[in-house]
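Read through the structure below, which is laid out as structure tokens, and then see the notes.
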Amino acid sequence: MIQQQLPITDISHLIPQKTPFVMVDTLLDFSPSHVVSAFKILKTNLFLKNNTLLESGLIENMAQTVALHTGYDFFLKDEVAPTGYIGSIKKVDILKLPALNDIITTKVDILHEFNGVTMVAVKVFNANEEEIASGEMKTVIANQ
């Protein structure tokens, strides 16, 4: 099994998204049932409007953190990670939108995983560790 020291700041090989659509930039923590990512909101972000990250950017950050979990899990097994999609979003609460240059931290707990379908609970925090968003979503791995 491959092992890499955390945090990992070059995560480009761990997620299928490519610039300019990347909404995570650091893997902070990982376990089979948990992942934590960080993301600095830059001026070049596609989801930035009036120096604020839009709701769609936060939701994409949540989904990409789930993809990061899958990608790192496959990386540890020295296997190519499959592509996944958002299957459904059960509930999302956006309490506050982050601004340009903010660093957000996204924590995902894997609730259920079966046959390529993963149900997760997600929370997003700002630099003050204040919860700014939460939700539940289902991701689905594409048929290979």
Side-chain angles (χ1 to χ4, degrees), residues 1-48 53-144:
M1 184 185 285
I2 296 172
Q3 195 65 296
Q4 195 169 347
Q5 186 70 30
L6 298 177
I8 299 172
T9 55
D10 177 10
I11 54 92
S12 60
H13 62 292
L14 300 175
I15 61 171
Q17 293 81 9
K18 301 300 173 213
T19 303
F21 203 66
V22 174
M23 298 294 137
V24 295
D25 55 29
T26 305
L27 174 60
L28 298 174
D29 192 25
F30 174 89
S31 78
S33 62
H34 179 78
V35 67
V36 181
S37 73
F39 182 59
K40 182 172 184 178
I41 300 158
L42 302 176
K43 191 171 194 89
T44 56
N45 192 290
L46 293 174
F47 295 104
L48 196 66
L53 186 69
L54 298 173
E55 292 88 347
S56 52
L58 274 176
I59 293 168
E60 186 61 30
N61 166 265
M62 293 174 175
Q64 288 188 23
T65 300
V66 178
L68 183 59
H69 183 272
T70 302
Y72 190 63
D73 186 43
F74 275 75
F75 171 79
L76 291 174
K77 296 184 270 189
D78 200 22
E79 297 176 10
V80 176
T83 300
Y85 302 95
I86 297 173
S88 66
I89 298 172
K90 184 175 179 183
K91 178 181 178 183
V92 172
D93 290 318
I94 309 265
L95 307 172
K96 184 176 184 180
L97 294 173
L100 177 66
N101 295 318
D102 282 355
I103 297 174
I104 58 174
T105 302
T106 305
K107 299 179 180 182
V108 173
D109 289 311
I110 310 297
L111 303 175
H112 307 284
E113 193 167 19
F114 182 73
N115 275 352
V117 177
T118 305
M119 182 65 153
V120 300
V122 186
K123 292 187 177 192
V124 184
F125 301 88
N126 62 18
N128 298 327
E129 298 183 19
E130 171 189 12
E131 185 178 315
I132 61 169
S134 64
E136 288 186 11
M137 63 176 52
K138 186 184 299 178
T139 60
V140 180
I141 291 179
N143 291 334
Q144 298 294 307

Taking the side chain as everything from C-beta on, heavy atoms only, tell me whether Leu58 gets closer than 4.5 Å to Ile104.
yes

Out of curiosity, Thr118 OG1 to Ile141 CD1, how far, rounded to the nearest 0.5 Å?
6.0 Å

Looking at side-chain heavy atoms only, is the closest gap between Thr106 and Val24 below 4.5 Å?
no

Can any side-chain N or O of Ser31 pair as donor or acceptor with the backbone N or O of Ser33 at less than 3.5 Å?
yes

Which ring-ring contact (aromatic ring centres under 6.0 Å, His included) pairs, counting each pair once, include a residue from residues 7-46, with sequence neighbours left out?
His13-Phe75, Phe21-Phe47, Phe30-His69, Phe30-Tyr72

All pairs passing ring-ring contact (aromatic ring centres under 6.0 Å, His included) where residues 79-118 contributes a residue, at least two apart:
none

Contact between Leu54 and Leu97 at the side-chain level, heavy atoms closer than 4.5 Å - yes or no?
no

Got a second to check how far Asp73's CG is from Leu68's CG, nearest 0.5 Å?
11.0 Å

Just verifying a value: how many Å separate Thr26 OG1 and Asp10 CG, rounded to the nearest 0.5 Å?
10.0 Å

Can you see which heavy atom on Met23 is nearest to which on Asn61, and at what distance?
O-ND2, 2.7 Å

Return yes when atom CD of Glu79 has more than 12 non-hydrogen atoms of other residues, nucleotides or ligands closer than 6.0 Å, and no otherwise.
yes

Value rounded to 0.5 Å, distance of CD1 in Ile132 from CG in Leu95:
8.5 Å

Apply side-chain contact (heavy atoms from CB on, under 4.5 Å) to residues Met119 and Glu136 and explain how you reach the verdict.
CA-CA 7 Å; Met119 182 65 153; Glu136 288 186 11; 3.8 Å; yes

Between Ala81 and Gly71, the two heavy atoms sitting closest are CB-CA, 3.8 Å

With Leu28 as reference, evaluate Thr9, Leu6, Thr105, Val35 under the side chain to side chain contact (heavy atoms under 4.5 Å, CB included) test and give the passing residue.
Thr105

Heavy-atom closest contact (Ile110 atom, Pro32 atom, distance):
CG1-O, 4.0 Å

Are Pro98 and Asn126 packed together at the side-chain level, in the sense that at least one heavy-atom pair is separated by less than 4.5 angstrom?
no

Sequence neighbours excluded, every pair satisfying salt bridge (charged side-chain N to carboxylate O under 4.0 Å, His left out) that has a member inside residues 97-123:
Lys123-Glu131

Looking at every heavy atom in both Met62 and Ala133, which two are closest together, and how far apart are they?
CE-CB, 3.7 Å

Would you give the length of the straight line joining atom CD1 of Ile8 to atom CG of Leu14, rounded to the nearest 0.5 angstrom?
6.0 Å

With a sphere of 6.0 Å drawn around NZ of Lys18, does it hold more than 12 non-hydrogen atoms of other residues, nucleotides or ligands?
yes

On a heavy-atom basis, which atom in Thr70 and which in Pro82 lie closest, and how many Å separate them?
CG2-CD, 4.3 Å

Grab the two heavy atoms, one from Gly87 and one from Val140, that are nearest each other, plus how far apart they are.
CA-CG2, 3.9 Å

Side chain proximity check, Val122 to Thr65, heavy atoms < 4.5 angstrom:
no

Using 0.5 Å steps for rounding, measure from the CD atom of Glu60 to the CG atom of Asn45.
10.5 Å

